[in-house]
> 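I have a structure here, written as structure tokens, and I will follow up with some questions on it.
Predicted, not measured: the structure shown is a model, and the values here were computed from it. Each chain gets a letter, A, B and so on, in the order its sequence line appears, and its residues count up from 1.
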Amino acid sequence: MFVGQFIFAVLFIAALIFFAFNFYRLLALLCLGRWENRFDFLLTRLKNMFVYAFGQLRVIERPYGVNHLLIFWGFLTLLALNAEFLISGIFPAFSLSFIGRIPYGLLLTATEIMSLIVLISVLIAVIRRLFFRPAYIELSADAFIILFMIAALMVAYFGYHAGEIHLGKTDWAGWMPVSGMVANLFSSVSTEPTVQTVTHLCWWIHALVLLAFLNYLPYSKHLHVITAIPNCFFRSFDYAKTVPRLIFQRGNEFGISRITQFTWKNLLDFMSCTECGRCQDGCPANHTGKTLNPRDLIHRGKLNLFTNGRSILAGRPLDSLLPTPADAEMNSPLIGNGENSISEADLWHCTTCGACMTNCPVFIEHVPKIIEMRRHLVMEQSKFPEELTNFFMNSEQRFNPWGLAPTDRAKWAQDLPVPFVEEGKPVEYLFFVGCSGAYDSRSKNVVTSVAKIFNHAGLSWGILGNEEKCCGDSLRRLGNEYVFEQLARDNIATFRKYGITKIVTHCPHGYSTLKNDYAQFGGEFEVLHHSQLIDQLIREGKLTLSKKSNGTTVFHDSCYLARYNEITEAPRNVLKGTQSGSGFVEMPRHGQNGFCCGAGGGRMWLEELEGKRINTERTEEALATGANTIAVACPFCMTMFEDGLKDLDVVDQVHVKDIAELVAESME
Amino acid sequence: MHIIVPVKMVPDTTLVKIDPETNTLVREGVPFITNPFDTHAIEEALRLKDRYDAHVTVISMGPPSAEWVLRRALSLGADQAILLSDRVFGGADTLATSKVLSEAIKRLHNEHPVDLIICGMQTIDGDTAQVGPGIACRMKFTQLTLVDRILQLDLAQKRIQVRRKLEEYYESVEASLPALLTVVREINSLRYPTVPKKLESAETMIPVWSNEILKLDPNTIGLKGSPTNVRRIFAPQREKGEIIDAMGDNKDAAVNMIIDKLFEWNIVIQN
């Protein structure tokens with residue numbers, strides 16, 4: 001055995017060194033990114049890590065995730081005895097039994113049971129991948145290699161212990177029920193020398209596979225075993241609903257075109273992807289046949305980091321953990337058409353709906369990365385779909401997407417009892433009308449309804465009129481931060497001029513932008529979406545809805561309400577208040593799992609030429625509920641559904657209404 | 001290759017309304033923009049720059065505030081900008097304007113010979129389309145107006161061939177350089193400036209040439225040098241036709257009304 005011990009000791013130490021080296025290289029790769037502080041709120045972070053990494057709360061949101069949970073916890077349970085196993089390979093006398101007879105016995109039993117569970121889970125995983133594979137999972141050799149390794153570990157574990165029991169070499173047989181059963185099998189079929197050989201073989205299989213597993217991880221998607229736990233720890237708390245502010249100074253670069261311009265946390269994201277495909281499953285672009293696949297985008301980011309990062313690291317001393325020098329050469333462009341690059345087309349397909357981020361079990365932040373790369377294309381390269389030129393110029397020169405006269409912004413309110421805010425006469429709520437409300441003929445009816453509701457409830461409110469400018473949401477998501485910042489600053493200055501403290505919008509994009517994005521520019525206001533304010537007015541008894549409707553209504557969640565700001569109840573409360581019976585139905589995909597209408601992230605202003613139209617897909621889903629009213633709380637969603645109904649030729653049977661319109665109808 | 005693009009800052013006339021009582025322009029709150037035709041002239045010059053590495057100089061005559069129009073051109077990629085600004089230039093008609101512009105171009109021409117001058121076909125505030133041809137006459141350059149495509153440019157032979165967009169047909173014309181083109185909007189689609197260029201252009205010093213530099217006889221420039229007299233500004237009366245308001249809720253009714261009219265006036269005939 002001494003020779004065996006020696007060989008194992010050499011392999012073990014070599015494997016450990018190799019693993020440590022790989023781990024260190026990963027750390028060096030992370031350090032190539034820019035600095036970002038994710039070390040705040042450490043207690044909350046710890047809690048997140050326990051809930052989402054160890055508790056796997058997001059993993060088990062889907063039933064099959066339980067299988068993963070079992071394998072994960074199986075592995076955690078096995079850790080102690082595997083460590084003992086490895087050490088005893090060099091020092092055979094080593095045992096954890098010093099912790100006491102009963103605790104050690106229980107540890108043995110737990111490990112036995114968990115190993116069996118892991119073995120069964122692995123079999124289930126193999127069967128699922130082979131025969132019941134969901135569309136969003138790719139058949140990869142990688143997955144099977146890992147599953148095979150895990151299975152081999154478990155089988156070898158039982159084989160080795162069964163042999164020990166059979167040969168009477170252990171005092172713990174009574175604590176090992178599964179190995180005991182296997183040992184019985186041995187007694188019935190094998191002679192002692194055979195059992196000895198098998199036991200020996202199992203020990204070596206277990207030892208070698210364990211060391212191989214450790215070192216295979218960094219080269220496979222199972223790198224997430226190492227990275228996912230810190231990724232949950234360092235997750236963004238505000239759900240990555242905004243992007244960092246830029247400083248517009250000469251010499252600065254705007255947006256990201258090189259992988260190392262991302263912060264270390266973004267790089268950790270790339271390394272944490274398990275390729276589970278849940279992001280892809282939620283992606284409206286991917287669902288409707290566009291080339292964008294959020295899983296693939298993150299994977300390409302990882303490949304790009306590895307290829308560029310490794311060549312940067314190759315040219316410097318091993319102990320260097322410095323960031324990337326600004327002039328570092330990249331052998332693979334981040335944005336491009338190679339296999340290690342992300343294509344421009346994919347970046348423009350994104351609706352920034354955030355379904356990928358809501359679905360990701362390990363909190364990868366896809367959307368801010370896409371926006372950073374769009375920023376580069378727009379601001380550094382001036383490369384973007386042609387349709388956007390006019391949109392950008394109109395927003396810059398006339399402060400609305402259509403290039404309509406800024407002097408006509410308040411025209412909708414002309415003959416209506418709509419108050420204007422005046423200096424020195426503070427109102428409680430500023431109604432930020434937004435471009436759709438001010439200019440779009442369909443949305444005018446929505447803002448007119450909002451005005452009616454506010455007046456009916458006796459609210460102190462007003463609008464800015466022609467002084468209001470576009471909120472800049474689409475600009476920011478499209479990467480035109482420069483113009484966005486101008487509009488944000490102008491609007492904030494106007495709010496301040498009139499002493500505004502509370503703002504209400506009917507557009508979720510304006511809502512989220514004013515609430516989450518303007519804060520970066522010193523614009524800290526209390527911002528409400530009209531669904532919240534109307535809900536509040538009803539609860540306070542300031543609005544009574546007497547004329548209830550008895551049709552069937554389905555509500556479509558706007559991404560910027562439900563996912564970005566977790567507002568799902570308020571609009572439903574309001575809607576239910578307008579209905580007499582139980583005519584409120586839900587689509588299969590709703591709430592935070594809703595499906596985008598296709599207009600977010602500036603897609604409103606872009607042609608949708610590839611695949612099926614997203615709004616058609618969503619309209620079909622709404623129609624399948626049998627509802628005759630599709631209720632929305634967003635002017636973009638309104639347009640997308642109206643178009644969808646027209647395309648499907650059902651405009652006469654089904655109507656799209658904003659919740660404010662339904663409330664106003666119920667008031668009369 | 002040296003290209004000069006004369007540009008003008010104009011009020012955004014699409015936003016100008018006419019006061020129905022006084023018949024005067026309501027210019028309050030109307031922003032100033034680069035004359036839209038001129039933006040296409042700049043774009044065409046920049047396309048030639050991309051292709052032939054031309055040097056693009058943008059000039060503008062106007063008040064000091066017109067400087068931003070030049071900055072915009074610089075942010076798009078123009079190499080040099082000069083503002084011609086002096087009180088004595090003010091109140092100029094097309095005759096006096098082309099005089100000042102030509103004098104400036106002559107100075108630039110002496111330093112670095114000019115091959116092409118590209119103007120917008122006209123401005124949206126004056127609509128005369130006279131300044132471009134005026135400059136061509138004074139510079140004794142070939143003039144090619146209403147160009148919608150540069151077909152060929154041979155710098156060695158000093159020849160240019162362009163397509164002119166006329167009312168009912170296109171005309172292909174070949175001429176020798178140096179030449180002055182006036183361009184229509186269809187000639188190209190505009191580029192969008194990058195942010196680094198915007199930031200750079202915001203800090204660029206733009207030289208201002210006053211009459212102390214140009215030394216023109218004050219009687220030939222500005223208001224004094226302008227024989228044009230504006231007698232009256234009025235909104236022309238619409239003699240026929242009517243506006244069907246489609247902005248209201250009842251779009252279908254408006255559409256039906258238009259269709260009825262089309263039949264009524266035999267514009268559309270039922271089979």
> Which residue, A:E380, A:R250, A:E253, forms the side chain to side chain contact (heavy atoms under 4.5 Å, CB included) with B:P196?
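The side chain to side chain contact (heavy atoms under 4.5 Å, CB included) with B:P196 is passed solely by A:E380 among A:E380, A:R250, A:E253.
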
> For B:D127, look at atom CG and say whether over 12 heavy atoms of other residues, nucleotides or ligands are found less than 6.0 Å away.
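Correct, the count exceeds 12.
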
> Please examine the side chains of A:Q397 and B:D12, heavy atoms only from C-beta on, and report whether any two atoms are closer than 4.5 Å.
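Result no, sub-4.5 Å side-chain heavy-atom pair not found.
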
> Less than 4.5 Å to any heavy atom of chain B: does that hold for the side chain of A:N466, its backbone, both, or neither?
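Neither part.
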
> Between A:N480 and chain B, with a heavy-atom cut-off of 4.5 Å, which part of the residue counts as in contact: side chain, backbone, both or neither?
side chain

> Does A:S382 reach the main-chain N or O of B:Y192 with its side chain, forming a donor-acceptor pair under 3.5 Å?
yes

> What residue in A:R442, A:M393, A:E481 has the most heavy-atom pairs under 4.5 Å with chain B?
A:M393

> Specify which of A:Q249, A:R398, A:K383 makes the most heavy-atom pairs with chain B at under 4.5 Å.
A:R398

> Can you tell me if B:Q152 has over 12 outside heavy atoms packed within less than 6.0 Å of its CD?
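Atom CD in B:Q152 is not packed in, count stays at 12 or less.
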
> Would you mind checking which part of A:F254 comes under 4.5 Å of any heavy atom in chain B, side chain (CB onward), backbone (N, CA, C, O), both or neither?
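Just the side chain, heavy atoms under 4.5 Å.
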
> Using every non-hydrogen atom in the two residues, find where A:Q381 and B:T194 come nearest and quote the distance to one decimal.
C-CG2, 4.1 Å

> Please name the pair of heavy atoms, one in A:T389 and one in B:L190, separated by the smallest distance, quoted to 0.1 Å.
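The pair with the smallest heavy-atom distance is CG2-O, 3.9 Å.
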
> Examine whether an atom of B:K197 lies under 4.5 Å from a heavy atom of chain A, and if so say whether it belongs to the side chain, the backbone or both; otherwise answer neither.
neither

> Are there more than 12 heavy atoms of other residues, nucleotides or ligands under 6.0 Å from atom CD of A:E386?
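No, not enclosed.
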
